[in-house]
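Written below as structure tokens is the structure these notes are about.
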Amino acid sequence: MAKKNIFTDSFGTPYFLKRLIIFILGIVSYRRFNGFNKLKITGTEHLVDLPDSNVLFVSNHQTYFADVAAMYHAFCAVNNGYLNTIKNPIYLLNPKIDFYYVAAEETMNKGILPKIFKIAGAVTVKRTWRAEGKNVNRLVDLSEIDNIMKALDNGWVATFPQGTTAAFAQGRKGTAKLIKNQRPIVIPIKINGFRRAFDKKGLRVKVTGVKPTMEFKKALDIDYDEENAQQILHKIMTAIEQTEDFNVLHTYDEEIKAKKTEQNNQQN
């Protein structure tokens, strides 16, 4: 098992560089979350007594980078004793540096800014079902799984089980299989409003006056021995409110279809 030391993280990135990048990106993004738009954070009391490693955050996904940037703000704030608030950015001077997030490799290799984000803590993976806008079918790279496990062994990790910013997309079993094997503490995160406030990349403010939300929920109760990957995945998707039961638009469309069918039957 790879180990961090006082100078570098578990992937060999110097801590002073990570601190500098997190500080700069935090300052640059701060007004996006506590100025142009007001980020509302709840549930960070569930993070206070967590161990320093083997904690996995599972979240829905709305933008490429704004979601993760907001998580950095929340984690750094909690690291300095500020719960459910990011109003005092002094927390950026003492950031949560052993935090990693799983990101698509193709996303992190396009442009300078994504590469800087990558240094801050990205664990990149190649999506097995889609690449460069096309459907693909390729095997999982086991070295990428090893990297995620390495990150978990040495810190906190955030992952997006849907693997896309599309709402109510199908969850991927890979996350559930990793949970069953690694047995981390699993904290669900439900975000909302990021898609409306920011562009798809999450780098540009699209609308001001929006109040995005980020809700940290209690750790999932998982029976790692008895529950299979599908059962674990269902718990995750329910916790982050991405099953069809939460899709109000889907329910509305179904109601409209049912009414039209009833009207047609009455006419006939």
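Side-chain atoms are counted along with the backbone in the values below, which use heavy atoms only and exclude waters and symmetry mates.
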Distance-minimising heavy-atom pair for [X] and [Y]:
{"X": "A167", "Y": "R195", "answer": "N-NH2, 3.7 Å"}
{"X": "L233", "Y": "G171", "answer": "CD2-O, 3.6 Å"}
{"X": "I185", "Y": "A219", "answer": "CG2-CB, 3.8 Å"}
{"X": "T238", "Y": "F246", "answer": "O-CE1, 3.6 Å"}
{"X": "A122", "Y": "M108", "answer": "CB-CE, 4.1 Å"}
{"X": "P95", "Y": "L92", "answer": "CD-O, 3.5 Å"}

Any side-chain to backbone donor/acceptor pair from [X] onto [Y]? Under 3.5 Å, distance only.
{"X": "E144", "Y": "K126", "result": "yes"}
{"X": "K201", "Y": "A66", "result": "no"}
{"X": "N80", "Y": "C76", "result": "yes"}

### Test side chain to side chain contact (heavy atoms under 4.5 Å, CB included) applied to K190 and K217, step by step
CA-CA 8 Å; K190 171 65 172 65; K217 300 188 177 183; 4.2 Å; yes

Any chance you could measure [X], atom [atom1], to [Y], atom [atom2], to the nearest 0.5 Å?
{"X": "F7", "Y": "F16", "atom1": "CZ", "atom2": "CZ", "value": "11.5 Å"}
{"X": "I189", "Y": "E241", "atom1": "CD1", "atom2": "CD", "value": "13.0 Å"}
{"X": "I145", "Y": "Q182", "atom1": "CD1", "atom2": "CD", "value": "11.0 Å"}
{"X": "Y72", "Y": "D67", "atom1": "OH", "atom2": "CG", "value": "13.0 Å"}
{"X": "N54", "Y": "N154", "atom1": "CG", "atom2": "CG", "value": "10.5 Å"}
{"X": "D153", "Y": "D146", "atom1": "CG", "atom2": "CG", "value": "10.0 Å"}

### Query
Given D9, which of R19, K96, K18 fulfils the salt bridge (Lys or Arg N to Asp or Glu O under 4.0 Å) condition?
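When salt bridge (Lys or Arg N to Asp or Glu O under 4.0 Å) is applied between D9 and each of R19, K96, K18, only K18 qualifies.
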
### Task
Check the surroundings of atom NZ in K40: do more than 12 heavy atoms from other residues, nucleotides or ligands lie under 6.0 Å from it?
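No - once you tally the heavy atoms of other residues, nucleotides and ligands closer than 6.0 Å, there are 12 at most.
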
### Message
One pair to check against side chain to side chain contact (heavy atoms under 4.5 Å, CB included): D52 and D98. What are the steps and the verdict?
### Response
CA-CA 8 Å; D52 292 332; D98 287 314; over 6 Å; no

Would you check if [X] and [Y] make a side-chain contact, meaning some heavy-atom pair closer than 4.5 Å?
{"X": "P184", "Y": "V55", "answer": "no"}
{"X": "F65", "Y": "L113", "answer": "no"}
{"X": "K211", "Y": "L39", "answer": "no"}
{"X": "M214", "Y": "M71", "answer": "yes"}
{"X": "L93", "Y": "F23", "answer": "yes"}
{"X": "P188", "Y": "L220", "answer": "yes"}
{"X": "L178", "Y": "M149", "answer": "yes"}

### Query
Got a salt bridge between D225 and R183, using NZ or NE/NH1/NH2 to carboxylate O under 4.0 Å?
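R183 and D225: salt-bridged.
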
### E105/K118 ion pair, N-O < 4.0 Å
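No.
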
Assigning hydrophobic clusters by single linkage (Ile, Leu, Val, Met, Phe, Trp, Tyr; side-chain heavy-atom cutoff under 4.5 Å), is [X] placed with [Y]?
{"X": "F160", "Y": "Y100", "value": "no"}
{"X": "V58", "Y": "V68", "value": "no"}
{"X": "F216", "Y": "V157", "value": "no"}
{"X": "I187", "Y": "M237", "value": "no"}
{"X": "F57", "Y": "I179", "value": "no"}

### Task
Evaluate side chain to side chain contact (heavy atoms under 4.5 Å, CB included) for H61 paired with T164, printing each intermediate quantity in order.
CA-CA 7 Å; H61 204 20; T164 175; over 6 Å; no

Please output the side-chain donor-acceptor pairs of residues 27-37 that fall under 3.5 Å, not counting sequence neighbours, one pair per line with the distance.
residue : atom : partner : partner atom : Å
S29     : OG   : L25     : O            : 2.8
S29     : OG   : G26     : O            : 3.4
S29     : OG   : H73     : NE2          : 2.9
Y30     : OH   : N34     : ND2          : 2.7
Y30     : OH   : I86     : O            : 3.0
Y30     : OH   : K87     : O            : 2.9
R32     : NH1  : L203    : O            : 2.4
R32     : NH2  : L203    : O            : 3.0
N37     : OD1  : G209    : N            : 3.1
N37     : OD1  : V210    : N            : 2.8
N37     : ND2  : V207    : O            : 3.3

Qualifying residues under side chain to side chain contact (heavy atoms under 4.5 Å, CB included), relative to [X], sequence neighbours excluded:
{"X": "N147", "value": "F11, V123, K150"}
{"X": "Q231", "value": "E227, N228"}
{"X": "K115", "value": "none"}

Cut-off 3.5 Å, no hydrogens considered: what does the side-chain donor-acceptor table look like for residues 42-50, sequence neighbours left out?
residue : atom : partner : partner atom : Å
T44     : OG1  : N84     : N            : 2.7
T44     : OG1  : N84     : OD1          : 2.8
E45     : OE1  : N84     : ND2          : 3.2

### Message
So, applying side-chain contact (heavy atoms from CB on, under 4.5 Å) with L56, which one of I148, L152, V102 is it?
### Response
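Among the candidates, only L152 passes.
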
### Task
Show your reasoning for whether side chain to side chain contact (heavy atoms under 4.5 Å, CB included) applies to T165 and T63.
CA-CA 6 Å; T165 57; T63 70; 5.5 Å; no

### Task
In sequence, state the C-alpha distance, the side-chain angles, and the governing distance for Y91 and N79, and then conclude on side-chain hydrogen bond (donor to acceptor under 3.5 Å, both in side chains).
CA-CA 8 Å; Y91 55 72; N79 196 49; over 6 Å; no

#### Entry: Check: Q242/Q162 side-chain N/O donor and acceptor closer than 3.5 Å
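Q242 vs Q162: donor-acceptor pair found between side chains.
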
#### Entry: Residue pair T8 / N5, side-chain donor-acceptor N/O under 3.5 Å
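Yes, N5 and T8 have a side-chain donor paired with an acceptor closer than 3.5 Å.
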
### Message
Under 6.0 Å between ring centres: does that hold for F75 and W156?
### Response
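Yes, close enough.
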
#### Entry: Set of residues satisfying ring pair (Phe, Tyr, Trp, His ring centres under 6.0 Å) with respect to Y64, sequence neighbours excluded
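Scan of Y64 (ring pair (Phe, Tyr, Trp, His ring centres under 6.0 Å), adjacent residues dropped) gives none.
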
